[in-house]
2 protein chains.
Amino acid sequence: MAMDERARHLLKSLIEQHIANGVPVGSRQLAKGAGLNISPATVRNVMADLEDEGYLISPHTSAGRIPTHVGYRFFVDALLRVVPLSPESHQLLIHRLGHYIPDTEQVLHAATEVLSELTHMAGFVRVPRRANRTLRHVDFLALREKEVLAIFVTDKGDVENRLIRTEHALSAAELNQAANFFNESYGGRPLQEVIQHLQRDLQQSRHEMDRILRSAMELGEEMLEEDQQRMLIEGEFQLLDLPELAGSERLRELLNAVRQKRDLVHLLDSSMRGSEVRLFIGEESGFAPLSDCSVVSAPYVVDGEVLGVLGVLGVIGPMRMPYQQIIPLVDGTAHLLGRALSQS
Amino acid sequence: MAMDERARHLLKSLIEQHIANGVPVGSRQLAKGAGLNISPATVRNVMADLEDEGYLISPHTSAGRIPTHVGYRFFVDALLRVVPLSPESHQLLIHRLGHYIPDTEQVLHAATEVLSELTHMAGFVRVPRRANRTLRHVDFLALREKEVLAIFVTDKGDVENRLIRTEHALSAAELNQAANFFNESYGGRPLQEVIQHLQRDLQQSRHEMDRILRSAMELGEEMLEEDQQRMLIEGEFQLLDLPELAGSERLRELLNAVRQKRDLVHLLDSSMRGSEVRLFIGEESGFAPLSDCSVVSAPYVVDGEVLGVLGVLGVIGPMRMPYQQIIPLVDGTAHLLGRALSQS
DNA sequence: CCTTGGCACTCAACCATCAGGAGTGCTAAT
DNA sequence: ATTAGCACTCCTGATGGTTGAGTGCCAAGG
């Protein structure tokens with residue numbers, strides 16, 4: 001059964017009130033706040049219906065009603081009118097992300113921080129996948145007697161390094177030769193391809209220099225793996241003073257879960273397809289510690305949609321969050337971050 | 001006035017009981033627990049004296065007594081007998097830090113984690129100062145049209161990189177030449193010296209290539225500065241379920257302070273001189289958010305005392321912590337970490 | 001049929017009261 | 001100097017009544 005126009009209005013008003021105050025909303029309050037000229041009794045009838053249909057729930061007999069996650073979902077899908085970003089927020093965003101900063105890390109960090117600051121919730125930025133990186137340059141340096149430092153550089157400017165122990169001392173000349181070989185054979189080729197090649201070629205080889213190459217290959221693998229997992233999070237502590245979560249146990253779990261990041265990363269990667277803001281409200285995330293929270297995420301695109309690189313960012317907060325403002329904020333941040341990382 | 005032998009014993013017993021249970025200790029309890037054959041009334045007299053002298057305090061009229069930070073200080077200085085590390089803990093330490101891992105970051109991380117795990121408190125490791133690093137190698141790579149990636153490597157295997165925008169496109173040959181010049185002029189020289197030199201030489205120059213060198217110099221400066229501030233912290237959340245801090249406000253402050261790290265770093269650097277475990281109990285740290293906490297820290301030495309490198313590590317927890325076990329644990333971790341980082 | 005006032009009912013929150021227990025300080029006797 | 005005894009304080013938990021917000025249902029009125 002389709003919902004009554006009036007019922008929709010009341011639901012909307014109820015959720016807005018609850019978002020604003022955080023307390024359950026009663027019929028008297030709602031009747032007044034909704035601006036319709038109807039009595040609390042009528043409102044009660046409507047509320048009872050909404051409860052039957054799963055949009056509302058009553059914490060206990062004599063305490064108004066609060067939205068369920070189904071209610072919130074209906075609210076954001078059908079009732080919510082997103083407001084444009086406030087000028088101050090927009091200014092701040094531009095100021096922090098609007099101009100070119102060459103260091104990727106720094107930009108990602110700035111984005112995480114600004115999300116957390118403006119929303120007073122936990123902000124996160126998933127480090128973009130760079131599956132299509134190509135190898136730009138490799139160096140092998142002899143640091144001490146039997147230690148070689150391998151340095152990998154990709155065309156995107158990612159640099160990764162690792163110390164490798166060797167069984168015999170290797171001369172600078174030998175290492176140079178190996179690096180040259182590496183650069184000539186693999187320079188400019190996709191990292192993934194490089195690794196596959198190496199994996200085949202070095203299968204049985206036992207030569208010392210090949211051991212170095214193999215270690216180097218492992219390093220390359222790490223580079224691909226690592227950013228599979230990386231995610232910046234800022235402002236988790238803001239979650240500490242959300243009254244709805246304040247009760248001990250769940251909060252600990254949540255913070256730990258956020259710290260672990262693993263499942264979170266999973267959840268978010270699924271939301272990377274598509275180019276719109278996405279919401280996970282309460283249980284919708286299918287991830288227990290987040291049952292009381294909502295996640296608002298948006299993918300961002302670096303260097304064009306086709307060959308480009310994708311990432312996700314967003315915020316984690318209570319279900320009761322001001323979606324009208326949070327959504328455009330997350331959206332705007334995603335656009336700006338994408339642009340900041342794209343500029344050549 | 002020197003403290004009575006019996007008073008000392010009672011103070012010791014009281015603090016031990018309080019550390020074990022977390023609740024204020026009354027005269028009856030204490031009389032029983034101390035093993036002396038005296039009545040609660042006598043104990044009360046002694047306790048009253050100890051309170052007058054500032055070692056104890058009574059939360060309210062009819063609730064036993066708890067130690068003040070002065071009491072704890074006297075306890076650890078004069079009464080505490082440190083027990084040797086438990087075999088299990090020792091095993092775990094050895095397992096996690098006992099063998100050589102070439103990657104410094106990884107070792108530091110492992111140490112932080114193991115501190116937090118074994119103590120159930122927040123563990124931290126201050127990244128060692130490497131003021132005496134020398135420059136090992138420099139690379140300049142043209143990534144895109146007008147972007148140069150500068151890579152610095154020190155003799156200790158630290159690698160740092162930064163993207164530099166240039167006004168004109170520079171050829172690979174030009175960059176190579178610059179890098180060669182750099183490596184030949186400065187390779188093997190202390191980083192600090194390199195920077196000073198560059199600062200003098202590049203003062204007025206406006207040539208594009210010199211701009212790159214100047215950017216490179218700034219990168220070098222960052223390398224020196226950065227690890228001035230760096231510190232790893234793990235397990236802050238463990239502090240969440242300390243009943244004594246559970247009360248909201250202070251905890252938020254503490255977590256934020258820990259997050260900021262700045263003042264903490266200050267505090268710890270002061271404790272780096274000397275080679276022993278050091279304790280800051282409650283207000284002693286002179287750092288408000290830590291008023292309810294104790295910090296147990298120990299310096300660690302990498303590559304020998306004279307030319308070596310110094311760092312600090314330790315834990316942050318409630319004043320009421322089992323010092324007898326925490327102290328040797330922090331001490332042991334410091335030794336092992338020092339050794340793990342020293343092995344060639 | 002929808003709306004509304006009325007009414008009985010429920011329940012959390014607040015408050016006061018009370019008993020019990022732990023602990024203290026003081027005093028007087030040993 | 002030690003200790004038993006005692007009066008006193010204060011926290012804690014249980015009990016119970018009151019209040020106020022809110023509900024559900026019903027019956028009357030548009």
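Protein chains get the first letters and strands the later ones, always in sequence-line order, with residue 1 at the start of each. Here the structure is a predicted model, which means the values were calculated and not measured.
Residue B/Asp52 contributes atom CG, which lies 14 Å from atom P of C/dT24 at whole-angstrom precision. The nearest whole Å value for the distance from the CD atom in B/Gln29 to the P atom in C/dT24 is 11 Å. Atom CG of A/Leu50 is separated from atom C1' of D/dG24 by 16 Å (rounded to the nearest Å). The CG-C1' distance, from A/Asn37 to C/dG5, rounds to 15 Å in whole Å. The distance from atom CD1 of A/Ile66 to atom P of D/dT23 is 13 Å, rounded to the nearest whole Å. One can place CG of A/Asp49 at 10 Å from P of C/dC2, the figure rounded to the nearest angstrom. If you take CG of A/Asp4 and C1' of C/dC2, they are 11 Å apart, rounded to a whole angstrom. Look at NE2 on A/His18: it is 13 Å from P on D/dG22, rounded to the nearest Å.
Phosphate proximity of D/dT2 to B/Ser39: absent, as no side-chain N or O sits under 4.0 Å from OP1 or OP2. B/Arg65 has no side-chain polar atom (N or O) that falls below the 4.0 Å cut-off from OP1 or OP2 of C/dG23. Side-chain N/O atoms of A/Ser62 include none lying less than 4.0 angstrom from OP1 or OP2 on C/dC11. Contact check, A/Arg6 against C/dT3: a side-chain N or O comes under 4.0 Å of OP1 or OP2. For A/Ser27, a side-chain nitrogen or oxygen approaches OP1 or OP2 of D/dT23 to under 4.0 Å.
Each of A/Ser297, A/Cys293, A/Ser285 was compared with A/Ile316 under the side chain to side chain contact (heavy atoms under 4.5 Å, CB included) criterion, and only A/Cys293 meets it.
When the nucleotides D/dC10, D/dG24, C/dC11 are ranked by their closest atom to the side chain of A/Glu51, D/dG24 comes out on top. In this structure, of C/dG5, C/dC11, C/dC26, it is C/dC26 that holds the atom nearest to the side chain of B/Arg44. Listed nucleotides D/dC10, D/dT23, D/dT3 differ in distance to B/Ala41; the shortest reach to its side chain belongs to D/dT3.
By the neighbour-count criterion of 12 heavy atoms within 6.0 Å, atom NZ of A/Lys12 is sparsely surrounded, having that number or fewer from other residues, nucleotides or ligands.
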Next item on the list: Give the C-alpha distance, both sets of side-chain angles, the deciding distance and a yes or no for salt bridge (Lys or Arg N to Asp or Glu O under 4.0 Å) between B/Glu284 and B/Arg278.
Entry: CA-CA 12 Å; B/Glu284 286 178 9; B/Arg278 196 156 160 191; over 6 Å; no

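Along DNA chain D, the nucleotide closest to B/Ala63 and the one closest to B/Ile38 are compared, and the more 5′ of them pairs with B/Ile38.
Here the CG-CD distance, from B/Leu10 to B/Glu5, works out to 10.0 Å after rounding to the nearest 0.5 Å.
Below 30°, between 30° and 60°, or above 60°: for A/Phe74 and A/Tyr55 the angle between ring planes is between 30° and 60°, a tilted geometry.
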